[in-house]
Peer 1: 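Before I ask anything, here is the structure I am working with.
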Amino acid sequence: MIAPIAVALTVGLLGWTYRALKPPPPKICGSPDGPPVTSPRIKLSDGRHLAYREAGVPREEAKYKIVVIHGFGSSKDLNLPASEELVEELRIYFLFFDRSGYGDSDPNPSRSVKSEAYDVQELADKLQIGSKFYVIGISMGAYPVYSCLKYIPHRLAGASLVAPFVNYWWPCLPANLSNDAFSRLLAQDQWSFRVAHYTPWLFYWWMSQKWFPSLSILAGNMAIFSQSDLEILKKWSEAPSVGQEKIQQQGVYESLHRDIMVSYGKWEFDPMDLINPFPNNEGSVYIWQGYEDRIIPFQVNRYLSEKLPWFHYHEVPDAGHLLIFESKNCEAVLRELVQR
């Protein structure tokens with residue numbers, strides 16, 4: 001009797017483990033079981049679709065064309081608080097898009113740091129915005145900017161990394177610096193990033209289980225925000241932005257989870273491998289970092305800018321992680337990027 005019971009328990013345990021580790025299939029936009037397509041999209045060479053939104057002056061009339069890359073849990077519907085007067089004055093055209101798996105853009109099961117750059121390049125080419133363009137990466141949207149600097153530097157007119165994500169396992173970071181910065185994170189975030197880096201096949205289970213706290217931002221832990229961030233969040237709560245309900249509509253795994261696994265995974269390159277794409281000062285790369293940022297410790301981005309002197313570093317004393325969503329900071333980012 002013992003042997004059959006043991007076999008049954010083993011089979012049951014294996015079945016439970018398989019279901020716990022395997023993420024559900026995505027609900028592809030436009031498929032019979034998926035949400036409808038509600039945004040303009042382009043078709044990529046691998047068959048996937050990217051959804052986009054255009055803003056600012058018409059692209060045919062623009063002097064500066066900027067691709068804006070959203071961060072974690074965001075989308076192409078983010079609102080940059082730049083005045084209409086400034087946009088008209090500088091003749092800026094904005095191209096926002098949903099990164100893979102977010103909003104109305106198809107998931108990419110082969111998503112990598114490298115694939116992010118080529119998505120940007122194909123989008124720019126399909127919409128014919130020119131041989132060179134600017135990029136702004138916000139928070140986790142910064143790792144696609146690093147990818148652009150590595151893989152398509154010849155396409156860039158300039159780049160800004162705003163409150164940029166950092167991978168604590170980059171080889172270029174001294175152990176004492178990365179350990180100190182990592183220790184400043186909440187314990188639940190430390191564990192989430194460790195799982196994403198070392199055992200990504202466990203990440204769906206980790207984010208789904210209820211025994212241990214996982215990512216603080218998804219749990220609504222407000223302790224990760226600075227005072228200035230909280231003031232911005234309060235304004236957002238009073239006037240919710242459009243499109244929020246679509247961010248995770250194809251599944252949390254293909255949007256949020258895969259974003260974390262790619263960004264905190266093993267990269268194909270190190271930031272110190274990057275070569276200045278503007279040796280003749282025909283463009284610039286900027287880092288904008290809030291000193292009060294509790295999500296991305298300023299020490300790491302300050303160090304990177306010291307080691308890469310062609311990165312122009314701006315540390316905003318009274319700003320937190322959401323610094324670009326304050327009008328004065330947003331306009332400063334835009335002016336410096338295009339007027340250098």
Peer 1: Salt bridge (Lys or Arg N to Asp or Glu O under 4.0 Å) between R111 and D259: does it pass, once the steps are laid out?
Peer 2: CA-CA 9 Å; R111 188 173 175 185; D259 211 7; 2.9 Å; yes
Peer 1: Compute whether any side-chain donor of one residue and acceptor of the other, for S45 and E122, lie under 3.5 angstrom apart.
Peer 2: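 E122 and S45 do have a side-chain donor-acceptor pair below 3.5 Å.
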Peer 1: Cut-off 3.5 Å, side chains only: do D189 and S192 have a donor facing an acceptor?
Peer 2: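 Checked: D189/S192 side chains show no N/O donor-acceptor pair below 3.5 Å.
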Peer 1: Taking the basic N atoms (NZ, or NE/NH1/NH2) and the acidic carboxylate oxygens, is any pair closer than 4.0 Å for R53 and D98?
Peer 2: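 Result for this pair is no, no salt bridge flagged.
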Peer 1: Does any N or O in the side chain of Y286 come within less than 3.5 Å of the main-chain N or O of V333, such that one atom is a donor and the other an acceptor?
Peer 2: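 Absent.
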Peer 1: Check the hydrophobic clustering (I, L, V, M, F, W, Y; side-chain heavy atoms under 4.5 Å; chains of links allowed) and say if I275 and F278 are grouped together.
Peer 2: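 No, it is not one cluster - the side chains of I275 and F278 are not joined through contacts under 4.5 Å.
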Peer 1: Run the salt-bridge test on K328 and D318 with the 4.0 Å N-O cut-off and return the result as yes or no.
Peer 2: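 Salt bridge flag = yes for D318 with K328.
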Peer 1: Does either side chain, that of H321 or that of S139, offer a donor lying less than 3.5 Å from an acceptor on the other one?
Peer 2: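 The criterion, which ignores hydrogens and geometry beyond distance, is satisfied for S139 and H321.
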Peer 1: Could you check whether Y313 and E315, counting side-chain N and O atoms only, form a donor-acceptor pair closer than 3.5 Å?
Peer 2: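 Yes, because at least one side-chain N or O of E315 sits under 3.5 Å from a partner of the opposite role on Y313.
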Peer 1: Just checking, any donor-acceptor pair under 3.5 angstrom between side chains of S39 and K76?
Peer 2: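 K76 and S39 do have a side-chain donor-acceptor pair below 3.5 Å.
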Peer 1: Check this for me, if you would: do D33 and K27 make a salt bridge, where the nitrogen-to-carboxylate-oxygen distance has to be below 4.0 angstrom?
Peer 2: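 Salt bridge: no.
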Peer 1: Answer with yes or no whether the hydrophobic clustering places I28 together with Y253; edges join I, L, V, M, F, W, Y residues whose side-chain heavy atoms lie under 4.5 Å apart.
Peer 2: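 Result: no, two separate clusters.
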Peer 1: Is the ring centre of Y64 less than 6.0 Å from the ring centre of F133?
Peer 2: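 Not under 6.0 Å, so no.
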Peer 1: Among W267, Y168, W169, W206, find the one that has a ring-ring contact (aromatic ring centres under 6.0 Å, His included) with H197.
Peer 2: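 It is W169, the one option of W267, Y168, W169, W206 that forms the ring-ring contact (aromatic ring centres under 6.0 Å, His included) with H197.
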Peer 1: Could you verify whether a donor N or O on one side chain and an acceptor N or O on the other, from W170 and Y146, lie under 3.5 Å apart?
Peer 2: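 No - no donor-acceptor pair under 3.5 Å links their side chains.
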Peer 1: Using atom types as modelled and distance alone, determine if a side-chain donor or acceptor of N108 lies under 3.5 Å from a backbone N or O of S100.
Peer 2: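 Not a single qualifying donor-acceptor pair exists.
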Peer 1: May I ask you to decide if G130's main-chain N or O and R155's side chain share a donor-acceptor pair within less than 3.5 Å?
Peer 2: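 Indeed, once roles are kept as given, a pair shorter than 3.5 Å links the two residues.
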Peer 1: Who pairs with P164 by side-chain contact (heavy atoms from CB on, under 4.5 Å), at least two apart in sequence or on another chain?
Peer 2: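 Counting only residues at least two positions away or on another chain, P164 forms a side-chain contact (heavy atoms from CB on, under 4.5 Å) with A142, L161, I287, Q289, N301.
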Peer 1: Determine whether the aromatic ring centres of H70 and Y102 lie less than 6.0 Å apart.
Peer 2: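 Aromatic pair counts; centres sit under 6.0 Å.
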Peer 1: Looking only at the side chains, is there a donor atom on one of S75 and K246 sitting less than 3.5 Å from an acceptor on the other?
Peer 2: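 Not at all, the side chains of S75 and K246 share no donor-acceptor pair under 3.5 Å.
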Peer 1: S83 and E331: side-chain donor and acceptor closer than 3.5 Å?
Peer 2: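 Yes, a side-chain donor-acceptor pair sits under 3.5 Å.
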Peer 1: For Q249, what residues pass the side chain to side chain donor-acceptor pair (under 3.5 Å) criterion, not counting sequence neighbours?
Peer 2: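 D104.
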Peer 1: Under 3.5 Å, is there a donor on one side chain and an acceptor on the other for H312 and E336?
Peer 2: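 No, E336 and H312 have no side-chain donor paired with an acceptor closer than 3.5 Å.
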Peer 1: I'd like to know if E306 pairs up with R302 as an ion pair, taking the criterion as any Lys NZ or Arg NE/NH1/NH2 lying under 4.0 Å from an Asp or Glu carboxylate oxygen.
Peer 2: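 A salt bridge is absent here (no side-chain N lies under 4.0 Å from a carboxylate O).
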Peer 1: Give a yes or no on whether a salt bridge exists between R91 and E88, defined as a side-chain N under 4.0 angstrom from a carboxylate O.
Peer 2: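 Yes, R91 and E88 are salt-bridged.
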